[in-house]
Chemist: 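Dropping the structure in here first, questions after.
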Amino acid sequence: MSKVEKYFSDLGLKAHILNALADLGYEKPSPIQSACIPHLLAGRDVLGMAQTGSGKTAAFSLPLLNNINPELAVPQMLVLAPTRELAVQVGDACTDFAKHIKGVNIVSLYGGQRYDLQLRALRYGPQVVVGTPGRLLDHLKRGTLNLSKLNGLVLDEADEMLRMGFIEDVENILSKIPAKHQTALFSATMPEVIRRITRRFMNNPYEVRIQSSIKNCPDISQCYWIVQGIRKNEALARFLEAEDFDAAIIFVRTKNATLEVAEALEKNGYNSAALNGDMNQNLREQTLDRFKNGRLDILIATDVAARGLDVDRISLVVNYDIPLDYESYVHRIGRTGRAGRAGRALLFVENRERRLLRNIERMTKLTIKEVKLPTAEILSSRRLAKFADKVQNQLESNDLNMYRALLAKLQPAAEELDMETLAAALLKMAQGERPLILPQVPNNKVPNNIKRRILRRNLIDRSRGSRR
DNA sequence: AAAAAAT
């Protein structure tokens, strides 16, 4: 393309879409948007690949919504997503984009939500359906959803939707839509094995791959820490204390671990909660809402939250358990550095997981910087600074007089004491269970005799494994 | 090898 598109109004979108964009404060399309929108408007299949946070949702939603016939009260556009929360988010985005198109209804259909709500929404004859595969198939079987007039199909997080476990459901849904339809596949990652499969689903697609560059790469500074000396949950508390963050998301490997880590953080006084696929859907949505609107600072999640979620408060991602594949890493850290903000990503690596770290570095073509555990000095000075802030706040409050009176009553009991000694005693009491002067971090070095013992144990384990 | 996705 020789012409460089500058504004949404240059892309061929109708006025009502442009008005919605203006309301939302969107001016200029991102590279993936300006590359894809004209082709999708023209009805062509598109395979869109661009890094996280680059505006893929709008890239497929805007042109497909633009081409909807509002007079026809049947599903014309369907978006499939790999998690329920993502289905909700994409549905909400479409509702925003379509708010000036008269007569267009949008519904999100996903598991765990009451049927009566979904059935009522379906009776309005929505032109746009966003959903997760299981519940969509359920509606198709019950005959409460009819996709026989569908024009546009989108697989959001396409590589995930075409993986084992999902692809069967996706193919099943595809068998219920007209053979002649437009397909859009979007993702930040596209492993070669899956890329080959995409050909089965597309007809002469226009392929867009937006390479990361200084200009369009999200600003995420990445580092790792080799687990050493102390347990991961203690290390997490230390890192969090040393870090300035708005909201943080901690990724763990298992659903159980979300609960364990959440509990440990709660004990440390953090405002945190777990998110995993075993929780009931109301609680899942409520937790995510609290996280979005700032009533929750830390979310501890499985990969249910790895893809697509757009929460611009997130300034820190911690990979508490290293992900087993590099795609998961890319999506996880992509939860930060959104909407032009900067983000930090910290990765915990156990010694035996170094291979996974090297793999991530090789695939992302990045060198991730090693960091050390925040020292006792750093933490002490931060605690002291926070404490000083609190004291300052008290000094500025105007209810201190009654405590002055109290001070006078305290004085006879400590007749020999000067005010400074008294202040020191009160300070000692006030610090409570979080000492303002921390003991030194335990020595990171593992003694040699212990090392030999670990080595021997590993060798025994391995020989046992090979005999089986 | 875990998690996700209908009940």
Side-chain angles (χ1 to χ4, degrees), chain A residues 78-91 107-119 121-122 129-145 147 154-174 176 187-189 191 193-194 249-262 274-285 287-288 299-309 319-332 335 348-350 352-353 355-357 359-360 465:
Chain A
L78 172 67
V79 184
L80 298 182
T83 65
R84 297 165 179 179
E85 285 72 19
L86 200 50
V88 172
Q89 182 181 293
V90 173
V107 63
S108 293
L109 302 175
Y110 53 94
Q113 202 196 30
R114 281 162 49 181
Y115 279 91
D116 57 342
L117 298 177
Q118 298 186 354
L119 294 174
L122 283 167
V129 177
V130 185
T132 47
R135 184 59 72 93
L136 287 171
L137 278 170
D138 190 14
H139 279 293
L140 286 167
K141 269 185 207 134
R142 288 164 182 252
T144 46
L145 175 66
L147 297 177
V154 181
L155 301 192
D156 196 8
E157 307 295 338
D159 58 335
E160 180 70 7
M161 300 309 292
L162 296 177
R163 251 182 237 280
M164 296 249 288
F166 268 123
I167 188 163
E168 229 174 280
D169 284 351
V170 170
E171 287 186 312
N172 210 337
I173 292 169
L174 252 69
K176 308 277 196 275
S187 184
T189 52
V193 245
I194 306 288
I249 185 161
I250 319 290
F251 283 105
V252 295
R253 188 140 46 205
T254 64
K255 290 182 261 200
N256 224 340
T258 61
L259 306 176
E260 290 165 13
V261 176
L275 184 75
N276 68 58
D278 272 358
M279 290 160 46
N280 85 52
Q281 191 56 28
N282 279 337
L283 185 55
R284 275 170 69 165
E285 284 175 46
T287 302
L288 194 59
L299 193 66
I300 303 95
T302 57
D303 275 336
V304 71
R307 283 175 178 259
L309 289 189
N319 277 288
Y320 185 91
D321 294 321
I322 191 169
L324 297 171
D325 47 70
Y326 117 95
E327 285 88 6
S328 175
Y329 178 82
V330 169
H331 290 282
R332 283 175 173 191
R335 291 322 98 218
F348 287 180
V349 185
E350 309 244 18
R352 58 169 188 276
E353 296 167 336
R355 200 178 41 85
L356 291 167
L357 168 67
N359 190 48
I360 289 168

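A note on names: the letters A, B, ... follow the listed sequences, proteins ahead of strands, and every chain is numbered from 1.
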Chemist: Could you work out, with side-chain contact (heavy atoms from CB on, under 4.5 Å) as the rule, every residue matching T302(A), not counting sequence neighbours?
Modeler: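 Checked T302(A) against side-chain contact (heavy atoms from CB on, under 4.5 Å); matches are K255(A), T258(A), N276(A), V304(A).
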Chemist: Using the test side-chain contact (heavy atoms from CB on, under 4.5 Å), find all partners of L357(A) that sit at least two apart in sequence or belong to another chain.
Modeler: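 Here the qualifying residues are Y224(A), I322(A), L347(A), V349(A), E361(A), I368(A).
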Chemist: Once salt bridge (charged side-chain N to carboxylate O under 4.0 Å, His left out) is applied, do any residues pair with R135(A), and if so which ones, sequence neighbours excluded?
Modeler: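 None.
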Chemist: Kindly list each side-chain donor-acceptor pair under 3.5 angstrom involving residues 160-174 of chain A, sequence neighbours excluded, with atom names and distances?
Modeler:
from    : atom 1 : to      : atom 2 : distance (Å)
E160(A) : OE1    : R163(A) : NE     : 3.3
E171(A) : OE2    : R200(A) : NH2    : 2.7

Chemist: Once each nucleotide of nucleotides 1-7 of chain B is scored for protein heavy atoms under 4.0 Å, what B/S/- sequence comes out, 5' to 3'?
Modeler: BSSSBBS
Chemist: Using the test salt bridge (charged side-chain N to carboxylate O under 4.0 Å, His left out), find all partners of R142(A) that sit at least two apart in sequence or belong to another chain.
Modeler: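 Counting only residues at least two positions away or on another chain, R142(A) forms a salt bridge (charged side-chain N to carboxylate O under 4.0 Å, His left out) with D138(A).
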